[in-house]
Amino acid sequence: MPLYRQIDEWAHDGAILSEATLANWMIQAAKYLRPVWNQIHVHLLQLHFLQGDETPYQVICEPGRKAAQKSYIWVMRSTHQCREPAVYYHYAPTRSGEVAKEIYAGFDGIVQIDGYSGYNKLASDITRTGCWAHVRREFFDAFKSVLDHQAIPIPLGYIDRMFYLERQVKAMTAEQRHHFCQIQIALLVTKFWCWIDGLTILPKGALGRAVQYALNQRQYLNRMLDYGELGWSNNATERSVKRFVMGRKNWLFSTNPQGAEANTIFMTVIETAKANGLDVFQYLKTLLERLPQLLGFATSHQY
């Protein structure tokens with residue numbers, strides 16, 4: 001809930017508070033949650049499979065930058081089959097690949113991300129996979145003016161069939177999913193690339209962009225067949241991004257980087273708690289009551 005709306009509720013109960021006071025409370029409280037935020041990040045880096053994405057964010061007062069310049073919230077999360085799920089949000093004033101390199105430092109597994117070139121900065125011991133949902137989106141946009149259920153365009157037909165088959169084995173083990181993909185879905189992937197390779201010239205417009213996007217992602221998309229632990233799309237991460245986007249529609253922006261970082265800390269703790277089936281209010285209450293009491297925590301400057 002935006003702070004300006006909370007001010008009205010406090011006032012209704014007889015407490016006259018300023019927005020600056022509430023904002024400072026949030027920033028100070030986030031300092032106590034920072035060790036949990038850090039530990040969630042460490043936990044994710046120790047996993048073998050991750051998913052990632054990023055979304056624009058606005059910070060009004062940032063040194064050396066105009067108010068209208070875009071900043072970014074980066075998201076890293078576990079896959080749907082992970083027994084200890086976690087979601088991590090990271091604020092950065094840029095979308096530079098150096099940020100991706102920084103937040104994935106120490107990770108040496110497989111990450112599922114979209115085609116953004118900034119991820120090319122990731123360390124060589126990280127294996128990238130792609131997202132067929134992004135490919136489908138490109139082709140859907142290219143064909144949406146002529147789409148009808150009687151004649152689905154060939155590439156969309158192949159991709160839709162891939163997703164249909166992948167949904168049938170969603171509840172299976174990673175080994176079973178991998179075996180199924182190698183037998184059932186690999187044939188559709190081959191047919192999809194045969195269609196693209198059969199084009200004598202690159203189409204123009206939206207279709208050309210869709211084909212080029214797919215070609216640029218070819219090696220990453222093909223790797224999806226190698227890992228039963230990953231879904232056919234990166235939609236789970238996009239849903240995590242959407243959580244922040246929905247909040248952003250309410251609070252609109254952060255006044256300074258400290259506020260933006262406080263948001264990422266709270267969102268990380270809240271979304272990870274939700275992913276693990278915890279009562280968010282009780283979890284936050286417990287953390288904020290107990291963490292400041294830990295030996296040395298109150299005087300430590302390492303948070």
Side-chain angles (χ1 to χ4, degrees), residues 1-44 54-65 67-77 86-94 99 103 240-276 278-294 296-303:
M1 181 184 293
L3 297 183
Y4 71 87
R5 286 169 56 188
Q6 295 185 40
I7 288 173
D8 292 338
E9 294 197 10
W10 281 104
H12 181 75
D13 291 332
I16 308 303
L17 299 168
S18 70
E19 188 170 337
T21 296
L22 289 182
N24 188 56
W25 284 358
M26 296 295 293
I27 292 171
Q28 295 304 314
K31 290 182 179 180
Y32 290 111
L33 297 177
R34 180 180 284 273
V36 181
W37 177 71
N38 285 331
Q39 191 56 43
I40 289 171
H41 187 204
V42 170
H43 165 68
L44 285 168
E54 71 289 327
T55 188
Y57 192 68
Q58 188 175 13
V59 176
I60 301 300
C61 300
E62 191 158 19
R65 289 167 58 84
Q69 283 185 272
K70 288 183 180 179
S71 296
Y72 285 85
I73 301 297
W74 295 71
V75 184
M76 173 193 296
R77 63 162 295 137
V87 184
Y88 173 78
Y89 295 88
H90 178 89
Y91 165 74
T94 174
V99 180
I103 64 176
S240 295
V241 167
K242 189 176 181 180
R243 300 283 190 187
F244 217 101
V245 171
M246 290 170 64
R248 187 178 63 200
K249 288 181 179 179
N250 283 321
W251 63 64
L252 302 179
F253 56 81
S254 289
T255 302
N256 53 49
Q258 291 77 22
E261 189 170 78
N263 276 346
T264 64
I265 291 173
F266 270 102
M267 288 291 288
T268 295
V269 174
I270 289 170
E271 291 302 312
T272 298
K274 288 163 64 175
N276 285 275
L278 301 179
D279 182 308
V280 174
F281 178 80
Q282 290 299 328
Y283 182 56
L284 283 173
K285 182 173 181 291
T286 299
L287 289 177
L288 291 174
E289 286 176 344
R290 296 184 181 181
L291 284 175
Q293 306 304 319
L294 295 179
F297 188 93
T299 58
S300 173
H301 296 286
Q302 299 306 310
Y303 54 78

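On a predicted model such as this, the values are computed, not experimentally measured, just so you know. Just so you know, residue 1 is the first one in the sequence shown, and it goes up from there.
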Checklist outcome for this item: Heavy atoms of Arg77 and Val87 approach each other most closely as NH1-CG2, 3.9 Å
Next on the checklist: Between Glu289 and Lys285, does any side-chain N to carboxylate O distance fall below 4.0 Å?
Outcome noted: yes
Next on the checklist: With side-chain contact (heavy atoms from CB on, under 4.5 Å) as the criterion, how do Glu54 and Val241 come out once you've worked through the C-alpha distance, each side chain's angles and the decisive distance to 0.1 Å?
Outcome noted: CA-CA 7 Å; Glu54 71 289 327; Val241 167; over 6 Å; no
Next on the checklist: Less than 4.5 Å apart, side chain to side chain, heavy atoms only: is that true for Ser240 and Tyr89?
Outcome noted: yes
Checklist entry - Would you say Trp25 has more than 12 foreign heavy atoms packed within less than 6.0 Å of its CH2? => result yes
Next on the checklist: Using side-chain contact (heavy atoms from CB on, under 4.5 Å), reason through Val269 and Leu287 one step at a time and then give a plain yes or no.
Outcome noted: CA-CA 10 Å; Val269 174; Leu287 289 177; 3.9 Å; yes
Next on the checklist: Please evaluate residues Tyr72 and Val99 with respect to the criterion side-chain contact (heavy atoms from CB on, under 4.5 Å), reporting the C-alpha separation (whole Å), side-chain torsions for both, the decisive distance (0.1 Å), and the verdict.
Outcome noted: CA-CA 10 Å; Tyr72 285 85; Val99 180; over 6 Å; no
Item to check | Distance (rounded to the nearest 0.5 Å) between Asp13 CG and Asp8 CG | outcome: 11.5 Å
Checklist entry - Roughly how far, to the nearest 0.5 Å, is the CZ atom of Arg5 from the CD atom of Glu19? => result 12.5 Å
Item to check | Chi angles and distances behind the side-chain contact (heavy atoms from CB on, under 4.5 Å) call for Ile7, Ile16 | outcome: CA-CA 8 Å; Ile7 288 173; Ile16 308 303; over 6 Å; no
Item to check | CD-OG1 distance between Glu271 and Thr264, expressed to the nearest 0.5 angstrom | outcome: 12.5 Å
Next on the checklist: So does Phe281 get a backbone contact from the side chain of Asp279, meaning a donor-acceptor N/O pair under 3.5 Å?
Outcome noted: yes
Checklist outcome for this item: On a heavy-atom basis, the closest approach of Met26 and Phe266 is O-CE1, 3.5 Å
Checklist entry - Would you say Lys274 and Ile270 make side-chain contact, with heavy atoms under 4.5 Å? => result yes
Checklist entry - What class does the angle between the rings of Tyr91 and Tyr57 fall in, given that below 30° is parallel, 30 to 60° is tilted and above 60° is perpendicular? => result perpendicular
Item to check | Inter-residue atom distance Leu3.CG - Leu17.CG, 0.5 Å rounding | outcome: 11.0 Å
Next on the checklist: How close do Ser71 and Ala92 get, counting heavy atoms only, and between which atoms?
Outcome noted: CB-O, 3.6 Å
Next on the checklist: Please identify which of these residues, Ile40, Val75, Val36, Asn263, meets the side chain to side chain contact (heavy atoms under 4.5 Å, CB included) condition with Thr268.
Outcome noted: Ile40
Checklist entry - Which of parallel (below 30°), tilted (30 to 60°) and perpendicular (above 60°) describes Trp37 and His90? => result parallel
Checklist entry - Hey, what do you get for CG (Asn38) to NE2 (His43), rounding to the nearest 0.5 Å? => result 14.5 Å
Next on the checklist: Just by distance, no angles: are the side chains of Tyr283 and Asn276 close enough, under 3.5 Å, to form a donor-acceptor pair?
Outcome noted: no
Checklist entry - When rounded to the nearest 0.5 angstrom, what is the spacing between CG in Leu284 and CG in Leu33? => result 6.5 Å
Checklist outcome for this item: Nearest heavy-atom contact between Tyr88 and Leu44 is CB-CD1, 3.4 Å
